[in-house]
Amino acid sequence: MLDLKFVKDHLDLVIEKTEQRGQTFNSGRFLELDQERRSILVESEALKHQRNQVSGQVADMKKARQDVSALTNQMKEVSQRIKALDARLSEIQEQLNLLLLTVANLVDDSVPIGRTDADNKLVRTWGEKPEFSFEPKPHWDLGEQLGIFDFVRAAKISGARFTVYRGAGALIERALINFMLDLHTRRHGYTEIFPPFIVNRDSMIATGQLPKFEEDLFKLSATEFYLIPTAEVPVTNLHRDEVLEEDQLPIKYTAYTACFRAEAGSYGKDTRGLIRQHQFNKVELVQFTHPDHSYQHTISGAGR
């Protein structure tokens with residue numbers, strides 16, 4: 001979540017970068033809530049200062065055996081007003097947090113801005129694209145013919161958007177997972193993590209899945225637990241609410257997990273085969289690094 005002070009000090013930038021993502025930021029509501037928050041803080045602090053001063057005055061008057069009932073009644077009203085202000089302040093802070101949680105990270109200036117796939121920029125290529133003297137089959141047809149994917153039986157035991165891997169298909173999936181973990185731990189200095197596949201709501205909020213993408217998550221009924229959409233969630237939360245020393249950085253983790261996504265907003269899009277599955281496997285890379293060096297580590301990735 002973007003820092004409240006940063007948003008206030010760079011409001012135009014936040015609006016511009018949010019629009020570049022094709023989203024909108026309700027800046028009017030943000031300013032309205034922040035103005036009320038600051039007004040409440042000013043009034044509340046003034047009343048608390050008054051209460052402290054009167055408390056000393058009441059103590060002196062009691063020592064002098066003077067009547068303090070008027071001041072006591074006045075302070076009761078002040079205390080009730082402070083309590084009401086604190087309650088409203090808590091509500092405003094919650095609304096501000098919810099509003100800020102909907103704001104995505106600001107895109108770097110180097111990122112091309114586009115609305116469709118046609119606006120994507122080719123950054124680099126590797127190898128030569130093969131050419132065939134025949135019409136290649138889609139992976140779902142080829143996989144079923146080879147007996148390595150079974151979409152029909154997966155649908156029978158679970159439903160649409162699931163796959164059963166058979167024989168060589170299961171072997172390839174397992175081998176690829178092991179290959180990627182071994183590559184990153186043995187050659188690129190990553191520490192392997194095997195995290196839980198179920199996390200709490202705070203973990204989902206910390207990595208930005210909530211509240212923005214709740215419809216795409218699988219939630220366990222009558223709990224605040226969720227199936228993870230990616231290993232990024234539990235691995236990133238390993239250091240949530242911790243302060244890391246700069247000399248510890250970078251910290252590099254890799255993890256295999258199954259991933260679970262409802263894909264609620266994508267029905268009818270690329271649904272055949274292994275695309276947009278409710279469950280799939282992934283090896284994730286996560287680095288904790290100094291903000292000034294983060295782009296460098298992003299480019300270097302796994303040490304390519």
Side-chain angles (χ1 to χ4, degrees), residues 114 116-120 122-187 190 192-199 204 207 209 213-221 225-235 254-286 301-302 304:
T116 69
D117 292 348
D119 299 313
N120 289 341
L122 180 62
V123 176
R124 61 177 175 266
T125 62
W126 180 85
E128 296 292 332
K129 186 176 180 180
E131 296 184 2
F132 302 99
S133 59
F134 55 89
E135 181 70 25
K137 294 180 179 180
H139 73 271
W140 52 86
D141 287 342
L142 186 62
E144 287 193 310
Q145 289 176 13
L146 292 174
I148 62 176
F149 302 147
D150 192 332
F151 301 112
V152 174
R153 289 184 174 86
K156 178 174 66 175
I157 61 178
S158 296
R161 296 174 182 255
F162 289 93
T163 304
V164 169
Y165 296 81
R166 301 172 62 97
L171 176 61
I172 291 172
E173 185 82 353
R174 176 162 51 87
L176 285 172
I177 292 169
N178 287 334
F179 169 74
M180 296 304 295
L181 290 173
D182 289 345
L183 173 69
H184 298 307
T185 55
R186 297 176 183 178
R187 292 182 54 183
Y190 284 77
E192 183 178 351
I193 301 293
F194 191 64
F197 294 180
I198 296 173
V199 297
M204 286 293 194
T207 49
Q209 272 74 29
F213 305 119
E214 185 146 17
E215 67 172 4
D216 284 322
L217 301 173
F218 283 112
K219 182 180 181 182
L220 276 64
S221 178
F225 291 115
Y226 295 80
L227 297 178
I228 60 170
T230 167
E232 171 193 332
V233 175
V235 175
T254 183
Y256 154 73
T257 66
C259 304
F260 306 90
R261 300 184 184 181
E263 294 287 358
S266 60
Y267 281 99
K269 301 178 183 178
D270 303 323
T271 56
R272 297 201 65 183
L274 302 179
I275 301 173
R276 299 188 185 279
Q277 296 276 279
H278 287 316
Q279 177 184 321
F280 59 94
N281 298 308
K282 185 167 70 164
V283 172
E284 185 75 72
L285 301 176
V286 172
R304 289 187 297 270

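Basis for what follows: all heavy atoms, side chains included, without hydrogens, waters or symmetry-related copies. Remember, it's a predicted structure, so these values are computed and weren't measured experimentally.
- If you run side-chain contact (heavy atoms from CB on, under 4.5 Å) between R174 and each of I177, N178, L176, only N178 comes through.
- Ionic pairing of R166 and D150 is present here: one or more N-O contacts between side-chain nitrogen and carboxylate oxygen are shorter than 4.0 angstrom.
- In this structure, F218 and H278 have side chains that are in contact, with non-hydrogen atoms separated by less than 4.5 Å.
- For the pair E214 and Q209, the minimum side-chain heavy-atom distance is 4.5 Å or more.
- At a threshold of 4.5 Å between non-hydrogen side-chain atoms, the residues T185 and T254 count as touching.
- Aromatic ring centres of Y165 and F149: separated by under 6.0 Å.
- Between Y256 and F197, the ring planes are perpendicular. Angles over 60° get that label, and only those under 30° would be called parallel.
- Between V164 and I157, the closest side-chain pair of non-hydrogen atoms falls below 4.5 Å.
- Between the CZ atom of F260 and the CG atom of L227 there is a distance of 5.5 Å, given to the nearest 0.5 Å.
- Closest of all the heavy-atom pairs between M204 and I228 is CE-CA, 4.1 Å.
- Considering CZ of F151 and CD of E144, their distance stands at 5.5 Å, rounded to 0.5 Å.
- Looking at T257 and E284, their side chains never come closer than 4.5 Å, going by heavy atoms from C-beta outward.
- For the side-chain contact (heavy atoms from CB on, under 4.5 Å) with T163, the lone residue among E173, Q277, Q279 that qualifies is Q277.
- Distance check, rounded to the nearest 0.5 Å: CZ of R261 to CD of E215 gives 13.5 Å.
- Heavy atoms of other residues, nucleotides or ligands lying less than 6.0 angstrom from NZ of K156 number 12 at most.
- We find the CG-CZ distance between L181 and F179 to be 11.0 Å, quoted to the nearest 0.5 Å.
- At a threshold of 4.5 Å between non-hydrogen side-chain atoms, the residues C259 and N281 do not count as touching.
- In this structure, L285 and Y190 have side chains that are in contact, with non-hydrogen atoms separated by less than 4.5 Å.
- When every heavy atom of P196 is checked against every heavy atom of P234, the shortest pair comes out as O-CG, 3.8 Å.
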